[in-house]
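Atom set for the values below is all heavy atoms of this structure, side chains included, hydrogens, waters and symmetry mates excluded. In this chain, residues are counted from 1 in sequence order.
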Amino acid sequence: MSEKKIMLGNEAIARGAYEAGVKVSAAYPGTPSTEISENLVKYPEIYCEWSPNEKVAMEVAIGASVSGVRAMASMKHVGFNVAADPMYTAAYIGANGGLVAVVADDPGMYSSQNEQDTRQICRAAQVPVLEPSDSQEAKDFIKLAFELSEQFDTPIVLRTTTRLAHSQGVVTLEDRVVPEDKAYERNIAKNVMMPVNAIQRHIFVEQRLKDMADAANTLDINKMTIKDTKIGFITSGIPYTYVKEVCPDASVLKLGMVHPLPKKLIEEFASKVDILYIFEELEPVIEEQVRAWGIQCIGKEAFTVQGEYSANMLRKVVLKENLQINTPAKVPARPPLLCPGCPHRSVYTVLNKLKIHAAGDIGCYTLGAVPPLSVVDTTICMGASISSLHGMEMAKGKDYIKNWVAVIGDSTFMHTGVNSLMNMVYNQGTGTVVILDNSTTGMTGHQDHAATGKTLMGKTVPAINIYHLCKAMGIEHVTEINAFDIKELEKVIKEETERDAVSVIITKSPCALLKEVHFPNKCIPVPEKCKKCGMCLKPGCPALTKNEDGTISIDATMCNGCGLCKNLCPFDAIEEVAK
């Protein structure tokens with residue numbers, strides 16, 4: 001009897017890749033896809049790496065595929081934008097060993113800056129897409145993806161969502177089966193995408209999609225279930241589970257391959273039902289194609305293009321139920337905050353004091369945009385802080401950015417910040433860049449990167465020295481400083497923002513949540529010295545609370561002993577004591 005196990009969707013994807021005989025995996029951490037690699041690295045038969053960014057990860061996987069082994073790259077949806085450059089061309093080259101990209105969308109934007117739909121990018125790139133509905137399918141579909149990749153000579157995208165990635169389900173485990181490596185044969189016409197070759201490969205790609213669309217009509221993962229024919233649903237992914245819950249007697253066409261679509265199967269299904277609903281999260285990808293075929297359906301005029309779908313949405317729209325919505329209890333707002341002991345809080349406290357604006361980036365430090373710190377003014381995408389600050393200067397002149405800096409984390413700097421800083425130097429900008437080096441990829445759960453000195457597989461390697469990297473670009477003014485040395489930090493920021501040259505400030509203080517980080521002391525208030533000025537409360541550390549009499553209390557269980565509040569107190573009303 002096969003072993004069964006309860007698995008997260010991401011864990012099941014990793015298991016499926018293992019069972020499929022994958023030999024190479026590359027990724028950049030990004031919620032909700034991070035746990036795929038963190039689970040995959042548990043299988044020693046697979047080479048796994050954190051790449052500097054998703055473009056590199058995709059290129060590593062492509063190279064492994066060209067050599068003849070099964071390979072994959074994993075990323076979140078905005079990471080797929082970064083990987084789009086190689087993916088668009090990989091669609092022309094195809095696959096030797098199976099080539100799969102796992103892309104995790106984020107309906108509802110739980111941890112993302114936009115709500116884009118990966119299926120639209122795949123349509124443009126002419127890359128097929130599979131979409132599982134639960135953990136078992138997540139494991140099964142990625143195995144099928146490798147088979148289809150090799151059968152049709154194409155990269156495949158396995159699309160997931162936050163709900164699938166982080167929900168659990170029972171999964172039947174199977175043995176790992178490693179296919180023989182595909183022989184590598186030098187094939188310039190197929191693998192070198194110069195124009196004369198690409199023209200011919202484009203013809204191949206168009207025919208391949210037609211062939212796959214025909215195959216999709218009989219593919220097992222596209223399932224037609226005819227029950228009550230008054231109502232029919234075409235759906236896929238997590239929304240399928242809501243359809244089964246709310247309308248168990250309805251007829252359903254569940255699509256496991258959402259691009260290309262099985263035209264004959266959809267036409268057959270539509271002919272059997274009176275009312276056809278297209279129930280898909282985010283953009284009307286399936287709906288638009290179905291309407292283009294002249295098939296009447298109900299889609300986004302009834303359902304939203306925004307956020308996650310739910311069972312209650314079906315009850316309200318399809319069953320016309322008048323749902324009783326309970327009034328939520330009135331509780332104090334709890335906005336997200338930087339952790340106690342976070343070095344970013346110290347840096348932002350100084351920037352706030354100096355009334356300096358920050359062009360922000362993607363990471364925990366984005367929280368510097370909200371009160372009480374209120375420093376970060378822009379957040380666009382990975383690496384954009386430096387480039388956007390440079391754009392401001394080119395638009396408004398040097399004097400305009402004297403009260404601006406760019407802030408970027410160490411992992412994000414390695415991701416795409418290096419190129420942005422290079423551009424600022426090359427094009428004679430004068431901006432100040434603050435690299436918030438907390439020695440990890442903090443926001444996604446403390447993954448290593450090229451500047452930490454450790455790989456995903458736990459190997460200790462030479463760490464990229466960010467200071468020397470900046471100096472190698474020809475930047476004369478590069479300063480390393482402890483983030484909690486607020487007096488020196490204030491002095492350095494004042495000096496560097498006045499320069500007529502690019503300058504970099506590297507605040508080197510590790511994330512307070514890293515296992516190896518131990519603050520030796522904790523802070524305690526001295527009420528008799530307190531003048532109730534509130535200076536210690538300005539950074540918004542959650543360990544501090546204001547008492548009714550105006551003095552403060554410090555929660556000993558939350559305090560990490562970073563000393564920021566003590567350094568801000570002008571009356572020595574906070575002391576550091578040994579833990």
Side-chain angles (χ1 to χ4, degrees), residues 9 32 77 103-110 112 114-123 129-134 137 159-167 222-263 265-267 269-325:
H77 64 295
V103 184
D105 284 1
D106 190 18
M109 291 181 281
Y110 290 99
S112 307
N114 69 31
E115 204 172 23
Q116 70 190 47
D117 192 322
T118 289
R119 297 174 301 170
Q120 291 185 313
I121 298 175
C122 291
R123 285 180 66 183
V129 185
L130 305 187
E131 184 174 8
S133 296
D134 56 33
E137 287 190 351
R159 182 204 187 214
T160 74
T161 62
T162 300
R163 190 65 54 184
L164 175 65
H166 294 156
S167 61
N222 294 329
K223 300 177 182 178
M224 182 193 304
T225 304
I226 301 298
K227 292 184 178 180
D228 185 347
T229 57
K230 292 179 181 177
I231 295 178
F233 290 91
I234 297 178
T235 187
S236 64
I238 286 292
Y240 166 74
T241 64
Y242 304 141
V243 171
K244 295 301 293 179
E245 176 185 342
V246 176
C247 303
D249 297 324
S251 295
V252 178
L253 174 55
K254 178 189 179 296
L255 298 176
M257 178 181 283
V258 293
H259 177 67
L261 292 173
K263 183 179 181 182
L265 189 61
I266 289 173
E267 288 176 334
F269 179 76
S271 70
K272 295 178 182 293
V273 299
D274 298 334
I275 300 175
L276 177 60
Y277 288 97
I278 310 292
F279 195 60
E280 57 180 330
E281 286 179 327
L282 300 183
E283 300 304 317
V285 174
I286 299 172
E287 177 190 343
E288 287 180 352
Q289 184 61 73
V290 170
R291 290 187 188 275
W293 289 330
I295 299 172
Q296 291 187 343
C297 60
I298 300 172
K300 294 303 179 184
E301 71 268 35
F303 307 111
T304 180
V305 296
Q306 298 174 342
E308 281 193 296
Y309 280 10
S310 67
N312 280 343
M313 182 184 293
L314 276 178
R315 293 187 179 99
K316 181 178 179 181
V317 173
V318 177
L319 302 185
K320 310 299 182 185
E321 292 184 6
N322 185 17
L323 300 177
Q324 296 296 320
I325 306 298

Enter the distance from [X]:[atom1] to [Y]:[atom2] here, rounded to the nearest 0.5 Å.
| X | Y | atom1 | atom2 | answer |
| --- | --- | --- | --- | --- |
| Thr229 | Ile275 | OG1 | CD1 | 10.5 Å |
| Thr235 | Ile286 | OG1 | CD1 | 7.0 Å |
| Ile295 | Ile234 | CD1 | CD1 | 6.5 Å |
| Glu308 | Thr162 | CD | OG1 | 6.5 Å |
| Leu314 | Tyr277 | CG | OH | 9.5 Å |
| Asp106 | Asp117 | CG | CG | 12.0 Å |

**Asked** With sequence neighbours excluded, what pairs up with Ser167 under the side chain to side chain contact (heavy atoms under 4.5 Å, CB included) test?
**Response**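 Checked Ser167 against side chain to side chain contact (heavy atoms under 4.5 Å, CB included); zero matches.
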
**Request:** Look at the side chain of Glu115 and the backbone N and O of Gly307, then say whether any donor-acceptor pair between them is shorter than 3.5 Å.
**Result:**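 At least one qualifying donor-acceptor pair exists.
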
**Prompt:** Okay, side chain of Ser112, backbone of Met109: is any donor-acceptor separation there less than 3.5 Å?
**Reply:**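 Between the backbone of Met109 and the side chain of Ser112 there is no qualifying donor-acceptor contact (under 3.5 Å).
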
Evaluate the side-chain proximity of [Y] to [X]: yes if any heavy-atom separation is below 4.5 Å, no if none is.
| X | Y | value |
| --- | --- | --- |
| Gln116 | Ile121 | yes |
| Ile226 | Phe269 | yes |
| Leu255 | Pro262 | yes |
| Val290 | Ile278 | yes |
| Val318 | Ile231 | yes |
| Leu164 | Pro132 | yes |

Just to verify, what does [X] make a salt bridge (Lys or Arg N to Asp or Glu O under 4.0 Å) with, not counting sequence neighbours?
| X | value |
| --- | --- |
| Arg123 | none |
| Glu137 | Lys254 |
| Glu245 | Arg315 |
| Asp134 | none |

**Summary of ring pair (Phe, Tyr, Trp, His ring centres under 6.0 Å) pairs that have at least one residue in residues 279-301, sequence neighbours excluded** =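 Listed once each, the pairs are Phe279-Phe303, Phe279-Tyr309.
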
Quick check: closest heavy atoms across [X] and [Y], and the distance to 0.1 Å?
| X | Y | value |
| --- | --- | --- |
| Ser236 | Glu131 | OG-OE1, 3.1 Å |
| Gly237 | Ser133 | O-OG, 2.8 Å |
| Pro32 | Asp105 | CG-O, 3.8 Å |

**Asked** Could you go step by step and tell me if Arg159 and Val103 meet the side-chain contact (heavy atoms from CB on, under 4.5 Å) rule?
**Response** CA-CA 5 Å; Arg159 182 204 187 214; Val103 184; 5.7 Å; no

**Asked** Who are the ring pair (Phe, Tyr, Trp, His ring centres under 6.0 Å) partners of Tyr240, not counting sequence neighbours?
**Response**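 Result, ring pair (Phe, Tyr, Trp, His ring centres under 6.0 Å) vs Tyr240: none returned.
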
All pairs passing salt bridge (charged side-chain N to carboxylate O under 4.0 Å, His left out) where [range] contributes a residue, at least two apart:
| range | result |
| --- | --- |
| residues 287-307 | Glu287-Arg291, Arg291-Glu301 |
| residues 222-236 | none |
| residues 269-278 | none |
| residues 231-240 | none |

**Request:** Take Val246 and Met313 through the side-chain contact (heavy atoms from CB on, under 4.5 Å) test and state the conclusion after the steps.
**Result:** CA-CA 10 Å; Val246 176; Met313 182 184 293; over 6 Å; no

**Any residue meeting side-chain hydrogen bond (donor to acceptor under 3.5 Å, both in side chains) with Thr161, in chain and number order, not counting sequence neighbours** =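 For Thr161, no residue satisfies side-chain hydrogen bond (donor to acceptor under 3.5 Å, both in side chains) once neighbours in sequence are set aside.
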
**Lys244 atom NZ: more than 12 heavy-atom contacts under 6.0 Å** =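 More than 12 heavy atoms, drawn from other residues, nucleotides or ligands, come within 6.0 Å of this atom.
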
